[in-house]
Amino acid sequence: MLIRLAGGRVVDPVNGRDAVGDVYIEDGRIVAAPPAGARVDETHDVSGRIVMAGAIDIHSHVAGGNVTLSRLLLPELHENTEAPAPGLPFTTARWSAAETGRLYARMGFTTVVEPAVPPSQALQSHLELADMPVIDKATLSVLGNEDFLLSMLRAGESEAAIADYVALMLSRTRALGLKVINAGGSAAFRENVRTFGFDDEVPHYGVSSRHIVKALQTAVTSLGVRHPLHVHCNNLGVPGTAIDTLVETIEAAEGLPLHLAHVQFYAYGTEGKRGFSSAVPRLVEALKRNPSVTIDVGQVMFGQTVTISADVLRQFAGRVAASPNKWILWDGDGNGAGVVPFAYNASSFVNALQWAIGLEIFLSVEDPWRVFFTTDHPNGAPFTTYPKLLHLLMSADERARYMAGLPKAAMKMTALPSLKREYSFAEIAIMTRAAPAKLLGLDDRGHLGPGALADIAVYDDREDRTAMFEAAHLVFKNGRLAVKDGELLSAEAGQAQVVAFDQDAGMVRRLDDYLASYFGADGSIYTVRDDVIGPADPFKVHPCRT
């Protein structure tokens with residue numbers, strides 16, 4: 001069936017389009033305009049509206065053990081007030097996996113990445129992701145604190161052996177890429193270490209955080225995994241120390257691809273009588289010196305949220321600021337984690353400056369292909385605040401309206417009041433569609449050229465950008481209409497996007513023997529099989545670089 005979206009403003013930076021025109025869909029893909037007189041089976045008049053590819057979120061914690069713990073810890077924040085959607089009976093508690101998918105889809109998102117899945121939680125995470133309607137998903141597997149890897153590094157094993165191990169874990173856990181969180185920090189925490197720098201050594205292993213990051217970056221690069229190593233740096237949130245660590249990590253890229261997550265939480269200086277200021281200029285200069293590095297922001301927005309992270313050092317320190325006053329911390333082989341509720345208050349000097357620093361990063365990094373749109377959901381704010389954030393990026397007046405109500409002392413510690421840049425639709429399309437697709441190696445999406453997946457979002461062109469992006473007029477997934485005027489029309493689940501490798505037999509034996517010896521388990525504890533997920537054909541394999 002040939003479908004025509006007629007007369008909208010098509011914003012597609014990859015293919016150089018930003019003009020009124022038509023988009024055609026056939027068999028789930030974008031196709032070129034047919035010859036004059038060709039039969040069109042279905043036409044949607046989208047004149048006066050904005051047509052973009054479906055949005056992609058590269059960093060949002062939407063599944064896994066910590067998400068489950070946050071639901072259990074904060075039942076008062078998850079009380080459902082709406083009737084379950086047709087076909088989605090499990091939307092009786094906010095936010096179930098089904099509700100998460102629905103909320104993303106109504107905003108025009110069609111792909112979301114859960115960026116922190118410990119291998120032991122891979123199956124649970126994929127089962128939750130499979131319950132999300134409409135959107136495609138992907139996971140990043142977390143390595144860098146487990147005994148097996150650290151022991152290999154201590155023994156000085158070869159780069160090829162480390163790569164074999166990484167390939168095995170990515171394949172078994174059905175991940176699209178690899179993440180490291182506070183490399184070595186969780187392992188050091190068990191030895192009563194409470195701060196851990198980039199060049200500090202993990203007790204008993206004799207390897208530094210830098211050593212771990214470089215080994216994993218080398219493995220990812222040699223395997224040809226399209227998404228660079230995704231790094232949660234050390235010393236998150238510590239003024240002065242955090243920006244030092246962030247810059248050290250950027251410089252350590254040494255020309256190889258590296259992605260740094262939620263950098264807003266590191267761009268903190270120590271100027272001023274309160275010892276807390278913006279260090280965004282240092283971040284921007286470091287990025288200019290290292291063009292192989294990309295970042296996402298982790299924007300803070302005001303209101304109640306809950307922080308969930310496998311950075312057990314950070315969460316242990318943050319427990320004193322829990323609001324409401326309850327928290328969970330757990331430990332295990334590899335990364336532990338913490339769940340700490342938090343309320344960002346607009347009257348707080350620190351919170352207001354965090355909000356401003358995030359926006360300062362967005363507006364100071366000139367290249368939208370290198371800075372990615374995230375709140376580190378739910379750490380900086382729930383993903384449902386994205387429409388407000390887009391409004392702030394597209395309107396200096398909207399930012400001024402916010403700043404008028406914030407502590408003046410905080411605004412003096414950031415360059416944000418002087419930044420008048422306003423993001424264009426084309427820049428928004430790059431940052432939320434084209435660039436994430438490129439960074440993740442998902443060539444089949446993020447644009448509207450012939451052959452791309454027909455993942456499309458159509459928005460009313462409203463001056464109130466918050467209202468515009470809260471509820472898309474139309475959302476197509478794989479060429480099927482899934483959302484109309486913000487209402488979900490489909491409960492069909494998307495696929496998980498993965499990479500796959502031939503598994504080295506020697507490494508398989510080593511890891512399985514290790515698991516049997518230390519845990520009485522076999523390799524199946526990390527393995528996600530097709531037949532246990534549920535929907536047919538649950539995985540789509542993407543090629544690596546050759």
Side-chain angles (χ1 to χ4, degrees), residues 236-240 242-244 246-247 260 262-288 295-303 305 342-368 370-376 379-381 385-428 430-432 462-469:
L236 183 146
V238 183
I243 186 63
D244 290 344
L246 182 66
V247 171
L260 304 183
H262 39 70
V263 296
Q264 177 278 136
F265 290 106
Y266 299 89
Y268 302 158
T270 57
E271 302 296 321
K273 62 181 181 181
R274 298 172 189 256
F276 189 62
S277 60
S278 166
V280 173
R282 281 192 65 191
L283 165 63
V284 172
E285 288 303 314
L287 289 173
K288 286 180 179 176
I295 60 170
D296 63 72
V297 173
Q299 177 68 37
V300 158
M301 299 291 275
F302 301 117
T305 190
F342 193 82
Y344 292 101
N345 190 331
S347 64
S348 159
F349 171 88
V350 171
N351 295 166
L353 190 48
Q354 287 179 295
W355 173 88
I357 288 170
L359 290 171
E360 187 182 345
I361 295 169
F362 274 120
L363 298 167
S364 299
V365 178
E366 296 178 357
D367 186 354
R370 297 182 62 196
V371 57
F372 292 84
F373 184 86
T374 69
T375 60
D376 187 21
N379 292 297
T385 61
Y386 284 0
K388 292 180 181 177
L389 178 53
L390 289 167
H391 198 162
L392 290 166
L393 296 177
M394 299 183 78
S395 170
D397 288 344
E398 182 69 359
R399 296 196 296 270
R401 188 177 71 80
Y402 267 74
M403 284 188 281
L406 300 179
K408 289 183 173 53
M411 294 304 101
K412 289 181 180 177
M413 304 309 296
T414 166
L416 182 64
S418 67
L419 299 175
K420 304 305 178 187
R421 177 182 174 189
E422 295 180 331
Y423 270 62
S424 67
F425 278 123
E427 289 176 314
I428 293 296
I430 290 171
M431 186 171 58
T432 60
R462 303 172 65 171
E463 186 175 348
D464 181 347
R465 303 304 188 198
T466 301
M468 172 180 172
F469 288 108

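Taking the ring centroids of Tyr386 and Phe373, they lie under the 6.0 Å cut-off.
Two residues are said to be in side-chain contact when any heavy atoms from C-beta on lie closer than 4.5 Å; Leu246 and Leu283 meet this criterion. Two residues are said to be in side-chain contact when any heavy atoms from C-beta on lie closer than 4.5 Å; Glu360 and Pro281 meet this criterion. Between Phe362 and Leu392 the shortest side-chain heavy-atom distance does not fall below 4.5 Å. Between Leu393 and Leu359, the closest side-chain pair of non-hydrogen atoms falls below 4.5 Å. Taking the side chain as every heavy atom from C-beta outward, Tyr266 and Ile295 never approach each other to under 4.5 Å. In this structure the side chain of Asn351 reaches within 4.5 angstrom of the side chain of Phe342, judged on heavy atoms.
From Met403, atom CE reaches atom OG1 of Thr414 across 8.5 Å, with rounding to the nearest 0.5 Å. The distance from atom NE2 of His262 to atom CG of Asp296, rounded to the nearest 0.5 Å, is 7.0 Å. Glu463 contributes atom CD, which lies 7.5 Å from atom NE2 of His391 (distance to the nearest 0.5 angstrom). In this structure, OG1 on Thr466 lies 7.5 Å from NZ on Lys388, to the nearest 0.5 angstrom. Taking CZ of Arg399 as the start and CG of Leu419 as the end, the distance is 7.0 Å to the nearest 0.5 Å. How far CE of Met413 is from CD1 of Ile357: 9.0 Å, rounded to the nearest 0.5 Å.
Between Ser277 and Thr270 the shortest heavy-atom distance is OG-N, 3.4 Å. In terms of heavy-atom proximity, Ala242 sits nearest to Phe265 at CB-O, 4.2 Å. Gly380 and Tyr344 make their closest contact through O-CE1, 3.4 Å (heavy atoms, listed as atom of the first residue, atom of the second, distance). The minimum heavy-atom distance linking Ala346 with Pro407 is given by the pair O-CD, 3.2 Å. Closest of all the heavy-atom pairs between Ala279 and Gly269 is CB-N, 3.7 Å. Considering every non-hydrogen atom in both Ala415 and Ser418, the closest pair reads O-OG, 2.7 Å.
Residues forming a side chain to side chain donor-acceptor pair (under 3.5 Å) with Tyr268 (at least two apart in sequence, or on another chain): Gln264, Gln354. In this view, Tyr423 satisfies the ring pair (Phe, Tyr, Trp, His ring centres under 6.0 Å) rule with no residue, not counting sequence neighbours. Remark: Arg465 pairs with Asp461 by the side chain to side chain donor-acceptor pair (under 3.5 Å) rule, at least two apart or across chains. Shown here are the side chain to side chain donor-acceptor pair (under 3.5 Å) partners of Arg370, two or more places apart in sequence or in another chain: there are none. Partners of Tyr402 according to the ring pair (Phe, Tyr, Trp, His ring centres under 6.0 Å) rule, which considers only residues two or more places apart in sequence or in another chain, are Trp355.
Side-chain N/O atoms of Asn345 and Ser347 include a donor and acceptor closer than 3.5 Å.
Salt bridge annotation for Arg401-Glu398: present, with a cationic side-chain nitrogen under 4.0 angstrom from a carboxylate oxygen.
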Go through the steps for Gln299 and Ile361 under the test side-chain contact (heavy atoms from CB on, under 4.5 Å), then give the verdict. CA-CA 9 Å; Gln299 177 68 37; Ile361 295 169; over 6 Å; no

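For residues 415-427, the pairs satisfying salt bridge (Lys or Arg N to Asp or Glu O under 4.0 Å) are Arg421-Glu427, with sequence neighbours left out.
Side chain of Asp464 to main chain of Ala467: a donor-acceptor pair is present (N/O by atom type, distance under 3.5 Å, no hydrogens or angles).
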